[in-house]
Amino acid sequence: MANDNKRFLDIIAHCKEYGFIFPSSEIYDGLSAVYDYGQWGSELKKNIKDYWWKSMTQLHENIVGIDAAIFMHPTTWKASGHVDNFSDPMIDNKDSNKRYRVDHLIEDFAAELRSKGEEDQARELIEEMERLLAANDFDSLKKLIEERKIKCAVSGTSNWTDVRQFNLMFSTQLGSISEDASEIYLRPETAQGIFVNFLNVQKTGRMKIPFGIAQVGKAFRNEIVARQFIFRMREFEQMEMQYFIRPHTQKKWYEHWKEERMKWHLSLGIEREKYRFHDHVKLAHYADAACDIEYEFPIGFKEVEGIHSRTDFDLSSHQKYSKKKMQYFDNELDENGKPYGNYIPFVIETSIGLDRMFLLIISNSYTEEDLSTAEKQDSRVVLKIPALIAPVKLAILPLVKKDGLPEIARGIMDKCKTYMRCFYEEKDTIGKRYRRMDAIGTPFCVTIDHQTKEDNTVTVRYRDTMQQERIAIHNILAVVEKQIR
Ligand code: ATP
C-alpha cells in the first residue's frame, strides 16, 4: 500500500511537472478539489472525450448528441429528486471540527484492517455499513463508528456528532437585483439536460425507440471530503448517455450496456484484470439496478463509470412537475399484433467521469523503467498512452541545429501538422529530447540527420520499445496513421 501511495504521489507530481494538471489558481494557494488542465492535459482530455463521443454517436446510428446548458430551471432539480435526495451522510469530529463522509471514514478504517491482515473483519464492517446506509439508519451508523473506535485523523479522538445528511448541490442567484433574484443550481449531473430535451430530440430527429442521447459537459458537486487529486473534484466533467427503451425491457438493455461499456474500456488496450464490476446494494432514488465499472487505481479499485437502470423515474417526474406530456408514440406491433401505443420510455444510463478516465489513462500508462547497463546507470519515465489518444502523436527532431537539417525538419512539420498534433524541437541532445517526449507519452519521434540529405530517409523511434528504424520521409504519415486510426 505504501508503495502504491508513492506511485500515486509520483503520478501527481509528474502531471504537474509535464504540463498535464495544475492546481486551480495556484498563485493564491489553489482551491480545494479544483484543477486546471495544462497544455498536454487539455489535449489528452479532449482526445478521450472525442474517442468516447465518436464511439457513442458516430458508431451507434441510433445515438445522437446534445450540448445542454449548465443552468436549468430550478424545478428540474425538484423533479429529479436532487433537492430532496442528493445528499451524503456526514459526521463531524467534535474535537477537530473535521467533517467526514460516513462511508469514507468507515472504508478507510476497513482498509487499515486489511493492511493488518484482518480481511474478514474488514469485509464484515463494509457489509454492515452498506446495510445501514441502504436502510438510512443513521443512529446505528454512528453506533458502528463508536463501537469500532474509529478515530479522526486530525484529533485522534472518537468524539463524534450525530450522522446528518448534507446536500451536494451548489446554488447561486439568477437575476441582477437581489430581491428579484431566484435561486438556481449548478447542475450536479448532465443527465437532466437530456431528459428535459427528450421529446425535442426525438421529434426533430425522428428517433425511434430504442435510441440514445449522449452528452459531455461540466457537473458540480460540493463534495465535503474532496481528496485524491482529480478522482474527486468539485467541478468535473461527465460523459453520459441515456438510452430510451420500451417499459420493462430494462434487464436486457442493462446487461447490453454493461457489456458494451466494458468493451469500450478494453478497446483502449487496458487489461481486463484491471477492471471489475461492482453491483450497488444501496440504490439511488431513481434506479432499479445499478453497478459501477471499477478500475484498479494505485489507491485501490475505485469507480470510474456507473451504469444505471433509471426506470421511467425521471421522465415521469418531469411530466408531473412540468405538466407537459413526456410520452412517446410507438406504432410498432407487439407479439399480439397490437401497436405498443403511448408510453413513457424507461432509461438505461451510462455515466463516466471524464476526469476519472483521464486519471485512469495516466495511472495505467505511467511506467518507470530502469535502463541501466554495465557501463552506466540510467532510467526513464514513460507514459505508454494509447497512440490514438496521446496528446502529441509525432515529434519532429533535427539531430543538430545546422547543416540544413532544421529546414528539412520544418518542411516535414508543416506537412504533418495538418493531419495530427505534432511537436517540433531542436534544443538539447537527441537523448534528452526523446526522454521529454517519453514523459508526455509521444508514441513516435522522427529524427532528421545528415543521411536524410542524401537519401530522404529519417529515423523513426518507437516510444514503448525504444526501437528505431529508417523510413522514407514520404512514409512517415502512413507509419503513424496506421497506429492512430
Ligand atoms: P462516487 O460514489 O465516487 O461519489 P457517484 O456514484 O456519486 O460517485 P455518479 O453520480 O454515478 O457518481 O456519477 C457518474 C460518474 O461521474 C462517476 O462514475 C465518476 O466517474 C464521475 N464523478 C462523480 N463525482 C465525481 C467527482 N466529484 N469528481 C470527479 N468525477 C466524479
Side-chain angles (χ1 to χ4, degrees), residues 21 24 31-37 45 48-49 52 77 80-82 85-90 100-108 126 129-130 133-134 165-170 186-194 214-242 254 257-258 261-262 264-265 275-287 289-295 297 299-310 313-314 347-363:
I21 295 176
S24 157
L31 186 63
S32 168
V34 186
Y35 291 90
D36 296 338
Y37 285 82
K45 190 177 178 196
I48 297 172
K49 192 181 340 191
W52 180 90
W77 305 110
S80 69
H82 283 81
N85 294 312
F86 193 56
S87 49
D88 280 332
M90 300 287 172
Y100 293 86
R101 245 175 82 167
V102 167
D103 55 341
H104 288 167
L105 186 67
I106 297 176
E107 276 165 9
D108 285 354
I126 294 292
M129 174 192 81
E130 287 186 340
L133 281 172
Q165 291 281 31
F166 188 94
N167 196 293
L168 300 181
M169 281 199 293
F170 283 102
L186 298 187
R187 66 180 176 197
E189 63 173 21
T190 56
Q192 297 305 323
I194 290 180
Q215 177 170 215
V216 182
K218 290 265 183 174
F220 303 83
R221 294 182 188 180
N222 197 3
E223 301 279 4
I224 297 311
V225 190
R227 54 181 191 173
Q228 293 163 334
F229 192 40
I230 58 167
F231 184 81
R232 188 168 300 287
M233 301 157 89
R234 295 201 165 106
E235 173 181 342
F236 57 100
E237 262 182 273
Q238 290 186 314
M239 304 189 286
E240 296 199 301
M241 193 278 299
Q242 270 67 39
Y254 177 66
W257 279 106
K258 272 175 78 171
R261 293 305 302 147
M262 184 57 87
W264 181 85
H265 284 271
Y275 284 105
R276 70 181 186 195
F277 283 109
H278 170 78
D279 293 323
H280 284 204
V281 179
K282 178 175 164 58
L283 292 173
H285 56 275
Y286 50 74
C291 70
D292 299 333
I293 295 180
E294 294 186 338
Y295 169 81
F297 288 96
I299 44 176
F301 270 101
K302 302 252 174 220
E303 169 180 351
V304 62
E305 172 157 9
I307 297 158
H308 310 125
S309 171
R310 289 183 83 129
F313 173 85
D314 300 88
V347 171
I348 303 295
E349 162 181 86
T350 72
S351 173
I352 175 169
L354 176 52
D355 311 85
R356 277 196 200 169
M357 191 61 204
F358 183 103
L359 186 59
L360 186 160
I361 293 292
I362 295 275
S363 304

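A quick note: this is a predicted structure, and the numbers were derived from the prediction, not measured. Both counts, for ligands and for their atoms, begin at 1 and track the order of listing.
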List in chain and number order the residues that pass side chain to side chain contact (heavy atoms under 4.5 Å, CB included) with Phe301, two or more places apart in sequence or in another chain; answer none if no residue qualifies.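 Arg276, Glu294, Glu296.
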Could you tell me if Asp355 and Tyr37 have a donor-acceptor pair between their side chains, going purely by distance under 3.5 Å?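 Note: Tyr37 and Asp355 side chains meet the donor-acceptor criterion.
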So which protein residues pack against ligand 1 under 4.0 Å, heavy atoms counted?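 Residues within 4.0 Å of ligand 1: Arg101, Arg221, Glu223, Phe231, Arg232, Met233, Phe236, Gln238, Glu303, Val304, Glu305, Gly306, His308, Ser351, Gly353, Arg356.
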Quick one: does Tyr286's side chain get under 4.5 Å of Val347's, heavy atoms only?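 Counting from C-beta outward, Tyr286 and Val347 never come under 4.5 Å.
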Pair Arg187 + Glu240: basic N to acidic O under 4.0 Å: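 Looking at Glu240 together with Arg187, the answer is no, because their closest N to O distance does not fall below 4.0 Å.
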Among all residues two or more places apart in sequence or in another chain, which pass the ring pair (Phe, Tyr, Trp, His ring centres under 6.0 Å) test with His265?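 For His265, the residues satisfying ring pair (Phe, Tyr, Trp, His ring centres under 6.0 Å) (neighbours in sequence not counted) are Tyr275.
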Suppose we screen for side-chain hydrogen bond (donor to acceptor under 3.5 Å, both in side chains). Which residues come up paired with Lys302, at least two apart in sequence or across chains?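 Listed in chain order: nothing, the list is empty.
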